[in-house]
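Down below is the structure, laid out as structure tokens.
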2 protein chains.
Amino acid sequence: MNIYDIAREAGVSITTVSRVINNKQNISAKTKEKVETILKKHNYTPNAFARGLMSSSIKSIGVVTVDIRDPHYANTAFTIEQDFSKLGYNVILCNTGGKTDESINYLRMLMEKKVDGIILIGSVFNDQQVRKYVSKHVRNLPIVLANGYLAVDNSYSVLVDDFYGISCCVEHLYAKKHTKIIYIKDAETYSGERKQAGFIAAMKEHGLPVDDTSIIKVPRGLEGGYMAVAKLVDDGKDFSAIIFGEDITAVGGIKKLKELGRRVPEDVAVTGFNNSTFAKCCDPELTSVDNKVETVASLSAKMLHDLIETKNVSSTIMIRPDLIIRKST
Amino acid sequence: MNIYDIAREAGVSITTVSRVINNKQNISAKTKEKVETILKKHNYTPNAFARGLMSSSIKSIGVVTVDIRDPHYANTAFTIEQDFSKLGYNVILCNTGGKTDESINYLRMLMEKKVDGIILIGSVFNDQQVRKYVSKHVRNLPIVLANGYLAVDNSYSVLVDDFYGISCCVEHLYAKKHTKIIYIKDAETYSGERKQAGFIAAMKEHGLPVDDTSIIKVPRGLEGGYMAVAKLVDDGKDFSAIIFGEDITAVGGIKKLKELGRRVPEDVAVTGFNNSTFAKCCDPELTSVDNKVETVASLSAKMLHDLIETKNVSSTIMIRPDLIIRKST
DNA sequence: TTGTACGCGTTATCAT
DNA sequence: ATGATAACGCGTACAA
């Protein structure tokens with residue numbers, strides 16, 4: 001059932017039908033009503049491909065994440081999807097698994113499918129090859145990096161002040177008389193660098209000791225945190241507080257601390273990052289930096305939509321995180 | 001840059017270019033090579049809309065979930081996306097928030113965008129209105145319900161034997177000499193009903209007491225479990241074990257138990273469902289039913305793909321879950 | 001107010 | 001092996 005069939009049945013031209021469908025001017029109320037009846041009767045919907053061929057838009061955007069199973073990314077993607085859904089757009093979901101090749105494949109695919117815009121979630125995508133591809137091939141398609149910084153000309157980002165977030169943790173622990181503080185880092189991304197920089201700066205500001213053994217790099221996830229604590233203890237490192245770069249890593253760390261008979265927060269204070277559900281599940285509940293996922297996601301969505309509508313848009317938005325204090329410190 | 005431009009530059013017809021692009025027969029190696037050079041030079045990609053107009057397919061599927069922030073749904077959606085991505089398909093993500101109207105809107109949208117198939121995640125979608133819409137309007141579009149049962153003619157489902165899963169919990173607790181067992185139910189879905197039925201059947205089989213006070217209905221999430229335990233204690237109910245219908249609910253329940261000074265598992269044994277990350281984060285680690293999310297997701301994806309390729313497909317696949325025994329029982 | 005005719009970029013059919 | 005042309009379904013400039 002296409003526009004011709006409708007036109008024939010209504011005894012009008014396809015132009016008239018098209019006008020009715022798209023609510024255009026210059027239609028007599030009578031004709032309009034007649035056509036609408038037929039439209040409804042057959043439950044007609046225009047062919048999206050033919051439409052796209054004319055308008056070169058199909059009202060959809062691409063959302064690229066490393067892994068939607070990560071609650072942080074899931075939250076962001078959820079908010080973006082809901083916001084864009086209200087605007088009549090669909091969201092195409094892509095999970096790259098953190099592989100650069102995959103990222104570029106997905107970008108290519110999204111461009112072929114002629115999405116109206118793209119949101120990358122996480123500073124992982126501020127990767128050299130991705131940047132190169134974007135600046136070379138994604139020229140006239142709006143692209144926004146949510147929760148991270150994209151070092152490309154004419155690019156747009158919404159990010160959280162990670163530097164500030166971690167330094168808040170140091171402030172808080174210092175106020176509680178901690179001086180031997182460890183930082184557990186779990187990603188070599190832009191965001192990861194900012195967090196580490198915030199740690200170092202805040203420690204130095206209070207004249208607290210920082211050296212190679214105060215910062216430990218571990219794999220992502222529960223196991224990473226577990227391993228970090230194991231290593232600290234194996235190395236005989238002396239510490240009274242640990243700042244983790246992610247909640248889930250902190251959960252793993254606390255698990256190991258408990259196994260070793262160290263009490264949290266009496267023997268060791270612990271902070272996390274993301275203020276996720278894990279922070280509330282954790283026993284004791286985790287002091288964590290709230291990095292305002294929903295806010296970042298919504299602002300990213302709004303930014304992309306403004307770009308699609310070619311409004312004037314600022315290139316970078318930075319959000320201040322909050323420290324949520326719970327039982328673990 | 002379209003197929004005409006390429007043809008002109010290569011000094012051949014568009015037919016020839018099309019043949020090269022689609023790897024068709026009857027092309028001389030020489031011509032093929034010549035065209036491929038030009039193709040590569042301009043980084044040409046065919047217009048997906050024009051293609052769709054001919055083939056009425058754009059190689060994409062719709063994945064409909066209640067809320068991608070739920071780890072269980074995120075896992076399923078992730079696996080489906082990865083599997084279909086390997087087959088050259090894109091995934092359009094939809095979050096209905098559990099609202100029937102939204103579900104139907106999304107289904108309509110997906111049909112308009114001419115996806116090649118649809119996967120619904122969770123037995124929530126076995127809703128009367130959704131069923132009605134599907135059987136009326138989604139007639140010639142393959143649709144699969146992952147992790148639940150869809151009571152519609154000509155429909156396809158992959159599901160876990162929830163009945164068996166919960167009855168395993170009862171068996172396990174009974175073997176540990178528990179007789180006063182509570183079941184906490186958190187969803188009125190098909191899956192929820194099966195779980196409850198499994199509980200009742202297994203209890204009766206061992207001659208254990210079951211009545212209205214043995215089964216408590218609570219809202220989803222951490223708070224639900226917390227409230228459930230609060231209610232049990234308020235009511236002065238005597239119990240030695242609790243079976244929760246979801247891990248996260250169990251986590252909430254354990255939290256409240258601890259606050260009340262009841263030890264897990266010494267005073268109260270606890271089981272969860274889903275074998276999620278929460279089960280491992282929990283202290284003590286949670287005995288939980290592994291409902292094989294990835295398996296269900298992969299089988300659903302395979303089923304849908306087979307349907308798209310119009311292969312013969314069985315209408316229902318049922319998976320047996322496993323009980324993973326940890327410290328909470 | 002309404003209709004005719006063309007273009008969008010591709011694939012399929014039928015000639016050559 | 002290669003090419004000309006129709007068809008897919010819609011929007012729109014222009015004509016009536």
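Order of the sequence lines fixes the chain letters, A, B, ..., with proteins taken first and strands second; residue numbering starts at 1 for each chain. Bear in mind the structure is a predicted one, so any value in this text is a computation, not a measurement.
For the pair Asn47(A) CG and dG11(D) C1', the interatomic distance rounds to 13 Å; values are reported in whole Å. Taking atom CG of residue Asn26(A) and atom C1' of nucleotide dG3(C), one finds them 13 Å apart after rounding to whole Å. For the pair Leu53(A) CG and dC8(C) C1', the interatomic distance rounds to 4 Å; values are reported in whole Å. The CD1-P distance, from Ile14(A) to dT12(D), rounds to 12 Å in whole Å. The CZ atom of Arg8(A) sits 14 Å away from the P atom of dG3(C) (whole-angstrom rounding). Whole-Å rounding puts the Met1(A) CE to dC10(D) C1' distance at 16 Å. The nearest whole Å value for the distance from the CZ atom in Phe49(B) to the P atom in dT11(C) is 15 Å. With rounding to whole Å, Leu39(B) atom CG is found 10 Å from dT10(C) atom P.
At the phosphate of dT2(C), OP1 or OP2 sits under 4.0 Å from a side-chain N or O atom of Ser28(A). Regarding contacts with the backbone of dT5(D), every side-chain N or O of Thr15(B) stays at 4.0 angstrom or more from both OP1 and OP2. The side chain of Arg51(A) places no N or O atom within less than 4.0 Å of a non-bridging phosphate oxygen (OP1 or OP2) of dG9(D). The side chain of Lys24(B) contributes no N or O atom lying less than 4.0 Å from OP1 or OP2 of dT11(C). Neither OP1 nor OP2 of dT12(D) sits under 4.0 Å from any side-chain N or O of Ser18(A).
Nearest-nucleotide mapping onto DNA chain C: of Ser13(A) and Pro46(B), the residue sitting toward the 5' end is Ser13(A). Taking for each of Gln25(B) and Met54(A) the nucleotide of DNA chain D with the nearest heavy atom, the 5'-most of the two is the partner of Gln25(B).
Scanning atom types as modelled, one donor and one acceptor separated by under 3.5 angstrom connect the side chain of Arg19(B) and the base of dG3(D). Between the base of dT2(D) and the side chain of Thr31(B) there is no donor-acceptor pair shorter than 3.5 Å. For Tyr4(B) against dC8(C), a side-chain-to-base donor-acceptor contact under 3.5 Å is absent.
Between the side chains of His72(B) and Asn291(B), at least one donor-acceptor pair of N or O atoms lies under 3.5 Å. Checked by atom type, the side-chain pair Asn22(A)/Arg51(A) shows a donor-acceptor distance below 3.5 Å.
Shown here for Asp116(A) and Ser57(A), the closest heavy-atom pair between the two residues is OD1-OG, 2.8 Å. The two residues Asp162(B) and Arg194(B) make their nearest non-hydrogen contact at CB-CB, 4.0 Å. Nearest heavy atoms, Ser13(A) versus Ala7(A): C-CB, 3.7 Å.
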